[in-house]
Amino acid sequence: MRNAFGLMCACVISAAVIAVMWLWTSSPRADVAAPQTVAARKAEPLLVAAAKPVPPREDVEVTAALSAKPAAPVPAKSTCANPDALGVSRVVVVDTTGGPGFGFQQFKQLDFLADKEVVLTFDDGPWPTTPSVLKTLAEECTKAVFFPIGKHSTYHPEILKQVAAAGHTVGSHTWSHAHLDSKKLSEAQVKEEIEKGFSAIKLALGANPAPFFRFPALQHNPASVDYLGSRNIAMFSCDVDSFDYKSKDAAQIINTVMTKLDKQGKGIILMHDLQKHTAEALPTLLRRLKAGGYKVVQMKAKASLETLAEYDAGLIKDMKLPAVASRPVGSVVQTVTD
């Protein structure tokens, strides 16, 4: 009995000793420091520069934009007094690098017009009939491309200024309307017809014209095409020739244009602003275009043409004009009494 009791006491004491030793080894020791963690550095706020507001461009229509929130629709500004005007359906900007050609009568590479779209173009001005053409275009709130002759531009610079001031595109139609495919013209003479024409138009406008060019009688040869390409000047033919210079009256012009257009469905229309019958036909012709569901596309150049200084200077010398900038009229002619 004693032996059993003693054995039990020994077991209890051993268990107590073992428990004490286990607690001692598993508890944190005061002389051993706990491992320290390094706190992450507080992130610095990102510096965001205040965005500078970009003023809207009046000459560019924004058709779509990405935005976090849909912007409220802004009504388009209309300066047209005619609610039923033909107007301009869209504006295209032309990159003239390499001298692209337009008008399927001769250049068939670039088909940019959709069905029922037209481009209005006028050759051979400026002339005393041109203001009548401008008046009709303004009444219909529409735009065209003008290809003036250099000589005519020196005769009527004030009229050519009206063309540009009305927002139309101004190209060139040579200096004297010479046919550039003629074997009588040397390479130098062809170059002069082209460059002197552009210089004369620049002189009349007081600004560089668009690098748009139309060959007289739509006649060209490889050499003249190559030269215009080297100058990054776009070449224009047409799709619909009005033959207004052959027409006996305004009605014939309207009939010719609409018959061809209805057959083709679209195209660049060639007319002449120095033709009296064309000026007379234009109001009805534009109404017919509107009634037929046709829409006008305005063509502009991505950049203006830099004329060549030698031809600018030569023209001024030939015309015996001062080589300095022209003075404003008010500083030359003043009214002293009414």
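Every heavy atom of this structure was used, including side-chain atoms; hydrogens, water molecules and symmetry mates were not. What you are looking at is a predicted structure, and each value in this text was computed from that prediction instead of being measured.
Taking every heavy atom of both residues into account, R90 and L113 meet most closely at NH2-CA, 4.0 Å. A279 and S132 get closest at one heavy-atom pair: CB-OG, 3.8 Å. The heavy-atom pair separating H168 from A144 by the smallest distance is ND1-N, 3.1 Å. Between Y311 and S199 the shortest heavy-atom distance is CB-OG, 3.5 Å. Across all non-hydrogen atoms, the minimal contact from I268 to S237 is CG2-O, 4.2 Å. In plain terms, the two heavy atoms of S242 and L270 that are nearest each other are OG-O, 2.8 Å.
For the pair K191 and E187, the salt-bridge criterion is not met [side-chain N within less than 4.0 Å of a carboxylate O]. Taking 4.0 Å as the cut-off between side-chain N and carboxylate O, D111 and K266 count as a salt-bridged pair. With respect to the salt-bridge test (charged N to carboxylate O, under 4.0 angstrom), the residues K260 and D241 do not qualify.
In this structure, V88 and Q298 have side chains that are in contact, with non-hydrogen atoms separated by less than 4.5 Å. Residues M271 and L120 have side chains in contact (heavy-atom distance under 4.5 Å, counting atoms from C-beta outward). D226 has its side chain out of reach of L228: every pair of non-hydrogen atoms, C-beta onward, lies at least 4.5 Å apart. Side-chain atoms of D239 and L261, non-hydrogen and from C-beta on, never get closer than 4.5 Å to each other. Residues E140 and L289 fail the side-chain proximity criterion, which asks for heavy atoms closer than 4.5 Å. The closest side-chain heavy-atom distance from N208 to T307 is below 4.5 Å.
Proximity of a side-chain donor or acceptor of E195 to a complementary backbone N or O of E192 within less than 3.5 Å is not detected. Between the side chain of T278 and the main chain of D273, no donor-acceptor pair closer than 3.5 Å is present. In this structure, T136 contributes its side chain and L282 its backbone to no donor-acceptor pair below 3.5 Å. Checking side-chain atoms of K108 against main-chain N and O of F104 turns up a donor-acceptor pair under 3.5 Å. The closest donor-acceptor contact from the side chain of Q189 to the backbone of S186 lies under 3.5 Å. Not one N or O on the side chain of S182 forms a donor-acceptor pair closer than 3.5 Å with the backbone of A178. In terms of modelled atom types and a separation under 3.5 Å, the side chain of T130 and the main chain of W127 share a donor-acceptor contact.
For the pair K116 and Y294, the cation-pi test (distance below 6.0 Å, angle within 45°) is passed.
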### Task
Determine, step by step, whether L185 and H179 satisfy the side chain to side chain contact (heavy atoms under 4.5 Å, CB included) criterion, reporting the C-alpha distance in whole Å, the side-chain angles of both residues, the deciding distance to 0.1 Å, and the verdict.
CA-CA 9 Å; L185 293 181; H179 291 195; over 6 Å; no
### Message
Set out, in order, the CA-CA distance, both residues' side-chain angles and the distance that settles side-chain hydrogen bond (donor to acceptor under 3.5 Å, both in side chains) for S224 and N221, then state yes or no.
### Response
CA-CA 6 Å; S224 56; N221 55 26; 2.8 Å; yes
### Query
What's the verdict on side chain to side chain contact (heavy atoms under 4.5 Å, CB included) for L160 and I201, showing C-alpha distance, side-chain angles and the deciding distance?
CA-CA 8 Å; L160 192 60; I201 293 161; 3.9 Å; yes
### Message
Could you go through N232 and T96, starting from their C-alpha distance and side-chain angles, then the distance that decides it, and tell me whether this counts as side-chain hydrogen bond (donor to acceptor under 3.5 Å, both in side chains)?
### Response
CA-CA 5 Å; N232 297 322; T96 61; over 6 Å; no
### Message
With side-chain hydrogen bond (donor to acceptor under 3.5 Å, both in side chains) as the criterion, how do H272 and D244 come out once you've worked through the C-alpha distance, each side chain's angles and the decisive distance to 0.1 Å?
### Response
CA-CA 7 Å; H272 297 81; D244 51 359; 2.7 Å; yes
### Task
Walk me through it: do T129 and K276 pass the test side-chain hydrogen bond (donor to acceptor under 3.5 Å, both in side chains)?
CA-CA 6 Å; T129 49; K276 178 182 177 183; over 6 Å; no
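If you look at H173 and F198, their ring centroids are not closer than 6.0 Å. Under the 6.0 Å cut-off for aromatic ring centres, F236 and F147 qualify, their centroids lying closer than that.
Other residues, nucleotides and ligands place more than 12 heavy atoms under 6.0 Å from the NZ atom of K290. Residue-environment remark: NZ (K184) stays at or below the threshold of 12 foreign heavy atoms within 6.0 Å.
Residues S176 and E193 have side chains that bring a donor and an acceptor to within less than 3.5 angstrom of each other. Side-chain polar atoms of H277 and D249 form no donor-acceptor pair below 3.5 angstrom.
Among residue pairs with one or both ends in residues 141-164, none qualify as side-chain hydrogen bond (donor to acceptor under 3.5 Å, both in side chains); sequence neighbours excluded.
By the side-chain hydrogen bond (donor to acceptor under 3.5 Å, both in side chains) test, K246 is found to be paired with no residue, residues two or more places apart in sequence or in another chain being considered.
When the options F213, F212, F112 are evaluated for a ring pair (Phe, Tyr, Trp, His ring centres under 6.0 Å) with F102, the one that passes is F112.
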